[in-house]
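Taking it in order: structure first as structure tokens, then the write-up.
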Amino acid sequence: MPPARPAPEFKAPDFTAMLSDRAQRMNASAIREILKITQQPDVISFAGGLPAPELFPLEEVRRAADTALTRYGPSALQYSTTEGHPPLREWIGNRAGIPAANVQIVTGSQQALDLLGKILISEGDTVLVEAPTYLGALQSFQPYGPHYVQMPTDDGGIDVDALEAILMSTPAKLLYAVPNFQNPTGRTLSAERRRRLVELTGQYGVLVIEDDPYGQLRFTGEAAPSLYELGLEYAGDVNSSHIIYCSSFSKTLVPGLRDAWVQAAAPIISKLIQAKQGADLHTPTLNQMIVTELLDEVLPRQIEMVRKAYGERAALMLGHIEREFPGSVEFTRPEGGMFLWITLPGQIDSTKMLVRALTRKVAYVPGSPFFALGGGENTLRLSYSNATPEQIERGIKALGETIREALD
């Protein structure tokens with residue numbers, strides 16, 4: 001009888017080496033990491049872009065859930081179609097003047113960006129982004145290996161003259177933009193620039209993702225047509241337009257239901273359906289039904305209430321910034337949305353300054369993570385949406401003291 005072989009020695013796997021190239025390109029959200037630091041109840045946080053919970057229509061959502069369960073019975077708790085709840089898609093389509101077939105329901109705008117990155121970006125494709133741009137979009141696109149080119153911006157949004165120069169020399173595939181009350185700067189792309197951006201990208205064969213979660217939250221100034229509207233006008237047909245539109249009910253109703261949508265040409269929608277089937281099959285059925293019950297009566301009231309509250313909070317924060325910050329600090333004046341952007345004197349690093357700010361129990365998001373190719377070390381983002389007047393007064397005073405200390 002042959003001698004028994006010794007049991008092989010256990011070798012712990014090298015998990016990092018086993019990760020895919022795509023997984024190794026992933027990175028943690030800088031904002032989410034900062035939010036962990038700010039969980040102490042005594043910290044005034046201007047960091048997270050959180051809707052104000054005291055404005056959530058709690059009772060209306062409760063009644064809508066009961067209505068949906070009564071109307072649809074067990075179907076409200078069953079698997080559903082990937083495309084989304086038909087009445088919800090029809091409402092969105094009617095508002096946009098397009099067929100419901102060109103609307104795809106997704107689980108939050110973040111899923112829209114991830115799925116669009118999956119179906120549109122091949123490794124090495126050139127993707128044009130604003131400088132700065134929404135950090136969540138960079139995080140969604142990064143695993144697919146894009147080559148980023150940054151578009152310069154100013155108080156009017158994307159510099160379209162610079163964009164034209166980029167398009168003349170760069171074979172870009174995709175442009176990502178937040179035209180209304182941009183995250184992180186709060187800036188709005190002017191009406192004149194919108195039309196030219198649509199025309200330029202159409203001429204050069206570049207797809208455009210218009211991310212518009214804040215568009216309904218204008219509290220001052222005149223609204224401009226969406227890039228999607230201009231794209232329909234330019235192309236003449238919904239299935240020929242090169243503009244892809246994303247929006248959400250997270251900022252106007254409640255974020256926790258995670259209901260958002262994409263409007264696009266049929267070939268894009270078709271591939272989104274396939275990608276979503278592999279991701280989560282469909283957005284939760286009951287959540288979609290609840291939102292649908294709120295559309296006609298509750299949503300308009302909710303939008304007006306949120307607009308008013310955010311407008312008051314933005315004005316209050318701007319007033320305190322003018323009083324408390326040194327004159328060398330620059331800041332944007334948003335016409336809507338949830339954010340404003342601070343540019344400090346060049347010698348100040350806002351990431352390093354955050355440590356000092358936290359000792360004064362105030363937090364913000366440093367600006368550098370919003371730049372795809374680096375830079376912006378002397379910038380930061382403030383959110384006013386989820387702060388009380390007393391928190392705004394104390395927090396901006398503490399931040400002003402922190403900035404003066406950094407200057408000294």
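In what follows, every heavy atom counts, from backbone to side chain, and hydrogens, waters and symmetry copies are set aside.
- At a threshold of 4.5 Å between non-hydrogen side-chain atoms, the residues Ile268 and Leu120 count as touching.
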Give the C-alpha distance, both sets of side-chain angles, the deciding distance and a yes or no for side-chain contact (heavy atoms from CB on, under 4.5 Å) between Leu128 and Ile158. CA-CA 11 Å; Leu128 308 181; Ile158 296 168; over 6 Å; no
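- Using a 4.0 Å cut-off between charged nitrogen and carboxylate oxygen, Arg404 and Asp408 do not count as a salt-bridge pair.
- Between the side chain of Gln288 and the main chain of Thr283, a donor-acceptor pair closer than 3.5 Å is present.
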Worked verdict on Leu227 versus Tyr245 for side-chain contact (heavy atoms from CB on, under 4.5 Å): CA-CA 8 Å; Leu227 301 180; Tyr245 179 88; over 6 Å; no
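- With a 4.5 Å cut-off on side-chain heavy atoms, Tyr310 and Ser383 do not count as touching.
- Closest non-hydrogen pair, Asp211 versus Pro179, comes out as O-CD, 3.7 Å.
- Side-chain atoms of Ser241 do not come within 3.5 Å of backbone N or O of Val238 as any donor-acceptor pair.
- Residues Tyr228 and Ile98 form a side-chain contact, since some pair of their non-hydrogen atoms from C-beta on lies under 4.5 Å apart.
- Using bins of under 30°, 30° to 60° and over 60° for the plane-to-plane angle, the ring pair Trp341/Phe371 lands in the tilted bin.
- Inter-residue side-chain proximity for Met353 and Leu380 is flagged as met; some heavy-atom pair is nearer than 4.5 Å.
- For Ala64 against Ile290, the heavy-atom pair with the smallest separation is CB-O, 3.8 Å.
- Note: Ile392 CD1 to Arg313 CZ = 7.0 Å, rounded to the nearest 0.5 Å.
- Ring planes of Tyr79 and His282: perpendicular class, angle over 60° (limits at 30 and 60°).
- Looking at every heavy atom in both residues, Leu167 comes nearest to Ala172 through CD2-CB, 4.4 Å.
- The closest side-chain heavy-atom distance from Glu304 to Arg307 is below 4.5 Å.
- More than 12 heavy-atom neighbours from other residues, nucleotides or ligands sit within 6.0 angstrom of NZ on Lys173.
- Glu297 and Arg63 are not joined by a salt bridge, as no carboxylate oxygen comes within less than 4.0 angstrom of a charged side-chain nitrogen.
- Rounding to the nearest 0.5 Å gives a distance of 7.5 Å between OG1 of Thr332 and CG of Asp155.
- Residues Ser328 and Leu407 come closest through the heavy atom pair OG-CD1, 4.1 Å.
- At a threshold of 4.0 Å, the pair Glu393-Arg323 does not count as salt-bridged, since none of the basic side-chain nitrogens sits closer than that to a carboxylate oxygen.
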Do Glu60 and Arg301 pass the side-chain contact (heavy atoms from CB on, under 4.5 Å) test, and can you show the C-alpha distance, the side-chain angles, and the key distance before you say yes or no? CA-CA 11 Å; Glu60 291 88 343; Arg301 294 200 306 266; 4.1 Å; yes
Could you please spell out the steps behind the side-chain contact (heavy atoms from CB on, under 4.5 Å) verdict for Arg194 and Val160? CA-CA 9 Å; Arg194 290 175 189 234; Val160 289; over 6 Å; no
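- Remark: Glu222 CD is loosely packed, at most 12 non-hydrogen atoms of other residues, nucleotides or ligands lying under 6.0 Å away.
- Under the 4.0 Å criterion applied to side-chain N and carboxylate O atoms, Lys308 and Glu312 are assigned as salt-bridge partners.
- Ion pair Arg394/Glu390 flagged as a salt bridge, since at least one NZ, NE, NH1 or NH2 atom sits closer than 4.0 Å to an Asp/Glu carboxylate oxygen.
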Using ring pair (Phe, Tyr, Trp, His ring centres under 6.0 Å), reason through Phe141 and Tyr176 one step at a time and then give a plain yes or no. CA-CA 10 Å; Phe141 298 157; Tyr176 170 78; 5.7 Å; yes
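- For the atom pair CE of Met317 and CZ of Phe331, the computed distance is 12.0 Å after rounding to the nearest 0.5 Å.
- Put simply, the side chain of Asn102 gets close to the backbone of Ala264: a donor and an acceptor are under 3.5 Å apart.
- Thr153 places a side-chain N or O within donor-acceptor distance of the main-chain N or O of Ala131, the cut-off being under 3.5 Å.
- For the residue pair Pro334 and Thr220, the shortest heavy atom distance occurs at O-CG2, 4.4 Å.
- Side-chain N/O atoms of Thr379 and Thr343 include no donor and acceptor closer than 3.5 Å.
- Put simply, the side chain of Pro132 reaches to within 4.5 Å of the side chain of Thr185, judged on heavy atoms.
- At distances below 3.5 Å, not a single donor-acceptor pair connects side-chain atoms of Ser122 with backbone N or O atoms of Asp125.
- Side-chain contact of Thr252 with Gln302: a donor-acceptor pair under 3.5 Å is absent, judged by distance alone.
- Glu335 has a carboxylate O that lies under 4.0 Å from a charged side-chain N of Arg218, or vice versa, which qualifies the two as a salt bridge.
- With hydrogens and angles ignored, the 3.5 Å screen pairs a side-chain donor or acceptor of Thr82 with a backbone N or O of Leu281.
- Glu210 contributes no side-chain N or O that, together with a main-chain N or O of Ile243, makes up a donor-acceptor pair within less than 3.5 Å.
- Proximity of the aromatic rings of His85 and Tyr72 is defined here by a centroid distance below 6.0 angstrom, and this criterion is met.
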Audit row: Glu59, Arg62, salt bridge (charged side-chain N to carboxylate O under 4.0 Å, His left out) steps and yes/no: CA-CA 5 Å; Glu59 291 304 318; Arg62 182 179 285 119; 2.4 Å; yes
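- Donor-acceptor pairing under 3.5 Å is lacking for the side chains of Ser226 and Asp212.
- The pair Arg187-Asp154 does not meet the salt-bridge criterion, since no charged nitrogen lies less than 4.0 angstrom from a carboxylate oxygen.
- Remark: Asp159 CG to Leu197 CG distance equals 11.0 Å, nearest 0.5 Å.
- Ring pair Phe249/Trp261 is tilted by interplanar angle, where 30° to 60° counts as tilted.
- For the pair Arg71/Glu293, a side-chain contact is recorded, criterion being any heavy-atom separation below 4.5 Å from C-beta on.
- The heavy-atom pair separating Phe181 from Gly215 by the smallest distance is CE1-O, 4.0 Å.
- Electrostatic pairing of Arg360 and Glu401 counts as a salt bridge here, judged by a charged N lying under 4.0 Å from a carboxylate O.
- Remark: Tyr134 OH to Gln139 CD distance equals 8.0 Å, nearest 0.5 Å.
- Side-chain N or O atoms of Arg89 include one that pairs as donor or acceptor with a backbone N or O of Ala100 at under 3.5 Å.
- For the pair Thr201 (side chain) and Val198 (backbone), a donor-acceptor distance under 3.5 Å is present.
- Lys251 and Gln216 form no side-chain donor-acceptor contact under 3.5 Å, judged by distance and modelled atom types alone.
- Using a 4.5 Å heavy-atom threshold, the side chains of Ile269 and Ile273 count as touching.
- How far NZ of Lys271 is from NZ of Lys118: 12.0 Å, rounded to the nearest 0.5 Å.
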